Novice: 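This is the structure, below, for whatever I ask next.
Just so we're on the same page: letters track the sequence lines, and every chain starts at 1. Source: prediction; values computed, not measured. The figures that follow rest on heavy atoms only: side chains count, while hydrogens, waters and symmetry mates do not.
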Amino acid sequence: MSRSEESPPIDFIRQIVAADRLAGKNDGRVVTRFPPEPNGFLHIGHAKSICLNFGVAAENPAGRCNLRFDDTNPLKEEELYIQSIQTDVRWLGFDWEDRLYYASGYFEQLYQLAEQLIEAGHAYVCSLSAEALREYRGTLTQPGRESPYRNRSVADNLDLFRRMRRGEFPDGSHILRAKIDMASPNINMRDPTLYRILHAHHHQTGDQWPIYPTYDYAHCLCDALEGITHSLCTLEFEDHRPLYDWIVDRLQGSLGNHPQQIEFSRLSLEYTVVSKRKLNTLVKSGIVDGWDDPRMPTLSGLRRRGYTPAAIRTFCQRIGISKTPNNVELALLESCLREDLDKQAPRAMAVLNPLRVVITTVPEGQVEALSAANHPQNPEMGLRSLHWSREIFIEREDFCEDPPKQFKRLVPGGEVRLRQAYVIRCDQVVKDPQSGEIVALHCSHDPATLHANPPDRKVKGVIHWVSAAHSHPVEVRSYETLFTVPHPDEAWQGDNFAEWINPNSLTVLTDCRVEESLKDAPPGSIFQFERLGYFCVDSKPTQGIPVFNRTVGLRDTWAKQQQEPKG
RNA sequence: UGGGCCGUCGCCAAGCGGUAAGGCCCCGGAUUUUGAUUCCGGUAUCCCCAGGUUCGAAUCCUGGCGGCCCAGCCA
């Protein structure tokens with residue numbers, strides 16, 4: 001565990017957990033769960049919940065966190081997601097050991113418990129249509145009305161419910177409802193639906209069930225059945241807590257424990273959306289390449305982009321846990337990323353927009369081996385070799401004929417250091433006679449400057465380079481945010497999202513060169529291209545030249561200065 | 001005009017009646033063969049507003065204002 005992950009901050013949830021343990025509540029046990037619905041890929045918002053739930057468990061002696069698929073809606077869920085979710089949670093660095101559960105694994109128990117509720121007069125079968133049900137519910141400001149089926153006898157309810165289970169009724173013809181209070185100011189308490197008829201194939205239970213429990217009914221009971229002590233969820237479930245408690249209270253005799261639901265605010269991140277529905281729209285509309293497109297905030301997208309699990313964990317720790325509505329700046333995520341990558345990533349040189357440079361002082365055919373440190377601060381990362389020869393490439397923007405003030409790169413007649421190599425001077429600029437475009441530079445090098453600075457003069461600039469003959473062609477994909485506005489969730493109403501899509505979210509550079517040591521870098525491996533940023537080898541197989549994804553740029557104070565209007 | 005929740009620096013976020021932590025961003029400066037990293041230093045007399053209680057309030061009380069969530073047989 002890295003330094004930045006040493007001491008998790010004590011947020012209000014951890015305070016409650018600590019106080020409960022001190023008070024001896026739940027015999028000191030701390031059991032949490034991460035309960036995703038397998039209807040999409042996990043994203044950065046889920047990471048917050050995963051880090052919280054697994055984190056709280058890990059911080060407490062004998063604490064445990066279960067992974068439980070909340071699979072009560074077969075219409076929306078798929079086996080595919082079950083696999084990807086497990087991959088992502090493991091990748092993030094968490095382990096549920098042998099505690100992998102499914103809400104569907106409790107279907108029989110949930111059914112029996114429902115019969116108990118009916119027998120105790122707490123639930124009834126309602127035969128109102130969906131539309132009628134809506135009318136009877138009332139509105140935010142007006143109370144609802146009691147269903148005409150509300151006072152069916154226990155025997156009738158039991159009979160009907162059993163027949164629902166046997167599959168005797170068509171979808172939508174009946175539901176099982178809790179008998180609570182149609183006049184409650186909390187709409188969730190107006191006789192909420194517990195079971196619906198759905199003749200649908202379930203990815204886990206097959207065609208065993210023609211009825212399925214709702215979230216409100218299943219979630220609290222699964223928690224209780226698993227011995228969850230602290231059921232952590234996002235703020236929108238706050239209004240459901242009275243129902244959660246109501247159900248568990250009615251069935252307490254059969255359950256034995258009563259988990260405590262605690263809500264925290266969900267993550268919202270600048271310039272991105274974190275809603276499965278909206279992410280799905282981006283995928284379906286072809287705006288992105290898939291759920292793992294490097295621009296997506298999904299864990300699979302972030303992984304492909306080059307984000308590390310440690311960076312995401314640190315991020316989740318730094319944003320904290322609270323109930324405040326938030327919109328976290330991208331800068332914080334990127335800062336966590338750079339912090340981790342700076343330590344981890346071996347350095348290398350790559351030129352994204354090559355400009356040919358002929359070193360006239362190096363004879364044709366001469367090659368000199370140079371060695372370079374893989375990390376400037378960490379000698380343990382070793383050395384690699386580079387080859388110095390007559391023709392090299394430098395970055396086009398590292399040369400300027402008419403430089404702005406403070407420009408410390410290469411200019412006509414001026415000197416710069418080539419990183420890990422010699423100081424060169426630009427003697428001649430070669431232009432295309434037709435277009436006037438600069439096609440090459442003729443430079444001379446100072447052979448005394450390999451590991452030493454010239455004693456008689458100061459060379460301010462250092463630029464990166466690759467040997468023309470020894471470097472390899474690669475494609476580089478550079479990314480920007482998917483949206484042009486910092487709060488796309490607010491702007492995105494209905495299907496107007498196209499107007500907020502950033503047309504420059506992907507830039508493909510096909511004429512890049514990387515140094516020789518990167519020739520066979522495996523997919524997923526990540527490097528710092530010096531002076532440019534962090535880049536990783538794309539993990540999707542490609543035919544043709546290798547593809548590098550730009551994970552994130554280096555902090556660039558020069559670029560920032562250039563953009564700013566003077567004064 | 002129903003109910004629930006939230007409001008501390010540009011963005012997160014501590015604070016739990018004793019006189020505003022920290023991180024990110026930002027601004028200086030030092031070191032640097034990455035305009036990177038690292039390192040120093042700076043940045044809320046004030047905590048949505050207005051009253052009140054108190055020797056003392058961001059923390060307690062009252063009243064406002066602003067924001068978010070809820071009317072799926074979704075989760």
Novice: Which one, U34(B), A75(B), C25(B), comes nearest to the side chain of Arg347(A)?
Specialist: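 Nearest to the side-chain atoms of Arg347(A), counting from C-beta on, is U34(B).
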Novice: Compile the donor-acceptor pairs under 3.5 Å between side chains in residues 259-268 of chain A and protein atoms, sequence neighbours left out, one pair per line.
Specialist:
{"from": "Gln260(A)", "atom 1": "OE1", "to": "Lys25(A)", "atom 2": "NZ", "distance (Å)": "3.4"}
{"from": "Gln261(A)", "atom 1": "NE2", "to": "Phe237(A)", "atom 2": "O", "distance (Å)": "3.0"}
{"from": "Gln261(A)", "atom 1": "NE2", "to": "Glu263(A)", "atom 2": "OE2", "distance (Å)": "3.1"}
{"from": "Glu263(A)", "atom 1": "OE1", "to": "Arg241(A)", "atom 2": "NH2", "distance (Å)": "3.2"}
{"from": "Glu263(A)", "atom 1": "OE2", "to": "Arg241(A)", "atom 2": "NE", "distance (Å)": "2.6"}
{"from": "Glu263(A)", "atom 1": "OE2", "to": "Arg241(A)", "atom 2": "NH2", "distance (Å)": "3.4"}
{"from": "Ser265(A)", "atom 1": "OG", "to": "Ser322(A)", "atom 2": "O", "distance (Å)": "3.0"}
{"from": "Ser265(A)", "atom 1": "OG", "to": "Thr324(A)", "atom 2": "O", "distance (Å)": "2.8"}
{"from": "Ser265(A)", "atom 1": "OG", "to": "Asn326(A)", "atom 2": "ND2", "distance (Å)": "3.4"}
{"from": "Arg266(A)", "atom 1": "NH1", "to": "Glu236(A)", "atom 2": "OE2", "distance (Å)": "2.7"}
{"from": "Ser268(A)", "atom 1": "OG", "to": "Asn326(A)", "atom 2": "O", "distance (Å)": "3.1"}
{"from": "Ser268(A)", "atom 1": "OG", "to": "Asn327(A)", "atom 2": "ND2", "distance (Å)": "2.9"}

Novice: Please state how far atom CG in Asp342(A) lies from atom P in U34(B), giving the value in whole angstrom units.
Specialist: 13 Å
Novice: Under 4.0 Å between a side-chain nitrogen and a carboxylate oxygen: does that hold for Glu59(A) and Arg14(A)?
Specialist: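 Answer for the salt bridge query: yes.
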Novice: State whether Arg347(A) and Asp342(A) are salt-bridged, where the test is any N-O pair (Lys NZ or Arg NE/NH1/NH2 against Asp/Glu carboxylate O) under 4.0 Å.
Specialist: yes
Novice: Measure from CD1 on Ile526(A) to C1' on A36(B) and round the result to the nearest Å.
Specialist: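 These atoms are roughly 15 Å apart.
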Novice: Taking atom P in both C48(B) and A14(B), compute the distance separating them and give it to the nearest angstrom.
Specialist: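 One P to the other, the span is 15 Å.
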Novice: Let me know, please, whether Leu333(A) or Ser265(A) comes out on the 5' side of the other along RNA chain B by nearest nucleotide.
Specialist: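 So the residue in question is Ser265(A).
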Novice: Reading RNA chain B from 5' onward, which residue's closest nucleotide shows up sooner: His375(A) or Leu235(A)?
Specialist: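 On the 5' side of the pair lies Leu235(A).
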Novice: Going by centres under 5.5 angstrom and planes under 30 degrees, do the aromatic ring of Trp558(A) and the base ring of G35(B) stack?
Specialist: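 By the stated criterion, Trp558(A) and G35(B) stack.
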Novice: Measure CD/Glu329(A) against C1'/C24(B) and give the value in whole Å, please.
Specialist: 7 Å
Novice: For G35(B), does the base pair up with any side-chain atom of Arg409(A) as donor and acceptor (N or O, under 3.5 Å, distance only)?
Specialist: yes
Novice: Taking the P atom of each, how far is C49(B) from A57(B), in whole Å?
Specialist: 15 Å
Novice: Only counting residues at least two apart or in another chain, list the ones meeting side-chain contact (heavy atoms from CB on, under 4.5 Å) with Arg409(A).
Specialist: Glu397(A), Asp398(A), Phe407(A), Ile463(A), Arg531(A), Trp558(A)
Novice: Does the base of C68(B) carry an N or O that pairs as donor and acceptor with the side chain of Glu490(A) under 3.5 Å?
Specialist: no
Novice: Would you classify G10(B) as syn or anti? Syn applies when the glycosidic angle is within 90° of 0.
Specialist: anti
Novice: Specify the separation, in whole Å, of atom OH of Tyr215(A) and atom P of C73(B).
Specialist: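 In whole Å, C73(B) P lies 15 Å from Tyr215(A) OH.
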Novice: May I ask you to check if Arg145(A) and Tyr136(A) form a cation-pi contact, with NZ or CZ under 6.0 angstrom from the six-membered ring centre and within 45° of the axis?
Specialist: yes
Novice: May I ask you to verify whether the side chain of His240(A) and the base of A75(B) hold a donor-acceptor pair under 3.5 Å?
Specialist: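 Side chain to base: pair present.
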Novice: Pairing check on U62(B): which nucleotide meets the Watson-Crick or G-U wobble criteria with it, both distances under 3.5 Å?
Specialist: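 Base-paired to A50(B).
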Novice: Give a yes or no on whether a donor-acceptor pair under 3.5 Å exists between the nucleobase atoms of G3(B), that is its base, and the side chain of Asp239(A).
Specialist: yes
Novice: Output the rounded distance in Å from CG (Leu554(A)) to P (A36(B)).
Specialist: 8 Å
Novice: Whole-Å distance between C11(B) C1' and Leu269(A) CG?
Specialist: 11 Å
